[in-house]
Amino acid sequence: MDIRKFSSKSFSLQKTDEERIRYLLKYAVLAPSTHNSQPWLFRIKENICEIYLNKEKKIPHADPTGRDMYISLGCCIENFIIAAKYFGVFDNLELVMKRDLIAKITINGRVSKSKNKEKLSKITKTIINRQNKRGSYSKNFIPRILLNKIYKIANDYKGVHVMININRETITEVSRLTGRSVSDSYKKPKFRQEIIRWFIGNNSLKKEGLPGYSLLLPNIISKIFPIMINKINLGPLISFMTTKKMNTSRALFIFSSKNDTKEDWVMVGRFAERAMLELQEKKLSTSIYVAAIEGSKKYRKELKKILNLDGRPQFLFVAGYMNSKIKHTPRYNVEEKIVN
Ligand SMILES: Cc1cc2nc3c(=O)[nH]c(=O)nc-3n(C[C@H](O)[C@H](O)[C@H](O)COP(=O)(O)O)c2cc1C
């Protein structure tokens, strides 16, 4: 079953609150997540959808603080809200943050006419096609109007600051920093073991993890990649490739906040997902690279210095135009993520 094959038209066939929430969750589960770990679980209580963190999906060596896990949950929440607004049923979001319960989203039983229906329709459709790209960008520049659009929507995400940097030298400096951090991480055997646990071959039927094709690996290499990672330190090669590809991008998008709280991270995820959707809706591609933030502390400090940031950097992606098409990464379906 292709999890991306469903039509927004059938929303009107969903009659009960529970059916509607299940339908909106089809959008939520297509969110990006660190290592494609999909660290979310859902519980439906009448017209409320509770969103839980699935602690089993923690990635302790690549994401020691859990920041990326919370950002992933923020992306998932944002998809749900965008779709709920489009279908005219969004009522309220409450961030709970008690134990594993992250948020409660209430939907409205009465379907109301959504504002900006046309715009929301495009963004909601983009949720289905959005993907994280890892190739090289073309030389085409991003129109200024699109960058300004991202600054404008910042008002919707209180406490999160976005900086967009299109300076070639800065992009190169940040790409090199990211490469250095990648190289350092691969020196650690535990980090490598963890990557192997999340890596999946090109023909795998697993519903989570990073498929070789999404890292642009041919079938044959995808089969032996875990052995290669185990036996050889591929760090220098992966670092070189990361720097090279990232450096072809046309803009850096850096999200920062004043503090390092879980609430901040969820909000960063919401804003970043919306920004990636806005850009992809306009036919741009985006690539997430968080190594300079997640690596050892010195890299995060240096990133802050290079960009002259006041706040704490939390998330980074680059953007530009890229022609390549890749298969979508897998997902668990909604039913497999609902708990009673
Ligand atoms: C918080 C977060 C951190 C991520 N970090 C990286 C990263 O450093 N490098 C990378 O190549 N992809 C990164 N990704 C992208 C995920 O691997 C990707 O979203 C996942 O494999 C699902 O694929 P999709 O986004 O194409 O649906 C990150 C995603 C999230 C949400």
Side-chain angles (χ1 to χ4, degrees), residues 3-4 27-40 53 57-59 61-79 126-136 174-175 177-179 181-186 191 194-195 198-200 204 206-217 238-239 241-246 249 252-255 262 264-277 279-280 285-295 299-300 303 313-318 322 324-332:
I3 191 153
R4 289 178 177 79
Y27 291 90
V29 299
L30 297 179
S33 60
T34 175
H35 290 42
N36 194 22
S37 56
Q38 303 159 49
W40 41 71
L53 164 86
K57 305 295 173 191
K58 206 167 183 320
I59 303 173
H61 299 286
D63 180 24
T65 59
R67 174 188 5 253
D68 286 341
M69 199 164 57
Y70 284 92
I71 292 178
S72 306
L73 283 155
C75 296
C76 170
I77 290 170
E78 187 64 7
N79 279 6
T126 307
I127 293 176
I128 300 172
N129 303 318
R130 183 214 56 81
Q131 58 182 178
N132 187 59
K133 292 275 191 73
R134 294 189 179 84
S136 295
V174 173
S175 304
L177 183 74
T178 302
S181 179
V182 166
S183 178
D184 259 12
S185 298
Y186 273 88
F191 177 91
E194 193 176 74
I195 283 276
W198 285 100
F199 179 83
I200 59 174
S204 168
K206 280 197 181 158
K207 294 181 180 176
E208 64 181 7
L210 294 165
Y213 60 78
S214 74
L215 307 174
L216 310 181
L217 300 179
I238 297 174
S239 155
M241 296 301 289
T242 302
T243 305
K244 198 169 161 230
K245 286 177 188 166
M246 195 175 169
S249 67
L252 297 172
F253 292 73
I254 305 97
F255 297 81
K262 292 168 181 168
D264 287 325
W265 297 337
V266 170
M267 196 59 118
V268 165
R270 288 191 53 204
F271 187 2
E273 172 66 347
R274 168 89 179 276
M276 291 187 282
L277 289 170
L279 295 168
Q280 294 202 21
S285 292
T286 57
S287 318
I288 304 169
Y289 291 109
V290 299
I293 297 166
E294 291 306 335
Y299 293 114
R300 196 176 180 209
L303 182 68
Q314 308 289 6
F315 188 75
L316 190 157
F317 71 79
V318 297
M322 198 187 284
S324 67
K325 271 201 167 167
I326 52 161
K327 214 168 102 180
H328 281 284
T329 53
R331 289 291 186 283
Y332 280 107

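Sequence positions, counted from 1, serve as the residue numbers for this chain. Quantities reported herein were computed from a predicted structural model and do not represent experimental measurements. In each ligand, atom 1 is the first atom listed, and ligand 1 is the first ligand listed.
The proximity of Leu215 to ligand 1, defined as any non-hydrogen pair under 4.0 Å, does not occur for either the backbone or the side chain. At a 4.0 Å heavy-atom cut-off, ligand 1 does not touch His328 at all. Of all the heavy atoms of Asn36, the ones lying under 4.0 Å from any atom of ligand 1 are found in both the backbone and the side chain. The side chain of Thr329, and not its backbone, has at least one atom closer than 4.0 Å to an atom of ligand 1 (non-hydrogen atoms only; side chain from C-beta on).
Close approach to Gln131 involves these atoms of ligand 1, each under 4.0 Å from a residue heavy atom: 26 (O). For ligand 1, the atoms sitting less than 4.0 Å from at least one non-hydrogen atom of Tyr289 are 8 (O), numbered in the order shown with element in parentheses. Of all the atoms in ligand 1, the ones that sit under 4.0 Å from a non-hydrogen atom of Leu210 are 17 (O), 21 (O).
Panel note: side chain Thr242, backbone Ile238; a donor-acceptor pair is recorded below 3.5 Å. Side chain of Lys58 to backbone of Met69: no donor-acceptor contact under 3.5 angstrom is found.
For the pair Arg130 and ligand 1, a heavy-atom separation below 4.0 Å is found. Heavy atoms of Arg331 come nearer than 4.0 angstrom to ligand 1 in at least one pair. Proximity of Ser33 to ligand 1 is established by a heavy-atom distance of less than 4.0 Å.
Side chains of Lys244 and Ser136 form no contact here, defined as non-hydrogen atoms less than 4.5 Å apart. Contact check for Phe317 versus Phe255: side-chain heavy atoms found under the 4.5 Å cut-off. Residues Glu194 and Ile59 meet the side-chain proximity criterion, which asks for heavy atoms closer than 4.5 Å. Contact check for Ile200 versus Pro330: side-chain heavy atoms found under the 4.5 Å cut-off. Residues Tyr186 and Ser239 are not in side-chain contact: their nearest non-hydrogen atoms beyond the backbone lie 4.5 Å or more apart. Taking 4.5 Å as the limit, some side-chain heavy atom of Val174 sits within range of a side-chain heavy atom of Leu316. Counting only heavy atoms from C-beta outward, the side chains of Arg300 and Gln314 approach each other to under 4.5 Å. Side-chain contact between Gln280 and Asn129: absent, with no pair of heavy atoms (C-beta onward) separated by less than 4.5 Å.
Here Gln131 contributes atom CD and Arg4 contributes atom CZ; the two are 8.0 Å apart, rounded to the nearest 0.5 Å.
Arg134 NH2, 3.2 Å is the protein heavy atom nearest to atom 12 (N) of ligand 1. Nearest non-hydrogen protein atom to atom 2 (C) of ligand 1 is Phe315 CE1, 3.7 Å. What sits closest to atom 19 (O) of ligand 1 on the protein, heavy atoms only, is Pro32 CB, 3.2 Å. For atom 8 (O) of ligand 1, the closest non-hydrogen atom of the protein is Val290 N, 3.0 Å. Nearest protein neighbour of atom 30 (C) of ligand 1, counting heavy atoms only, is Thr34 N, 3.6 Å.
Closest heavy-atom approach to atom 15 (C) of ligand 1 within the set Ile293, Asn132, Asp68, Thr242: this belongs to Asn132. Between atom 6 (C) of ligand 1 and the options Ile288, Asp63, Ile326, the minimum heavy-atom separation is to Ile288.
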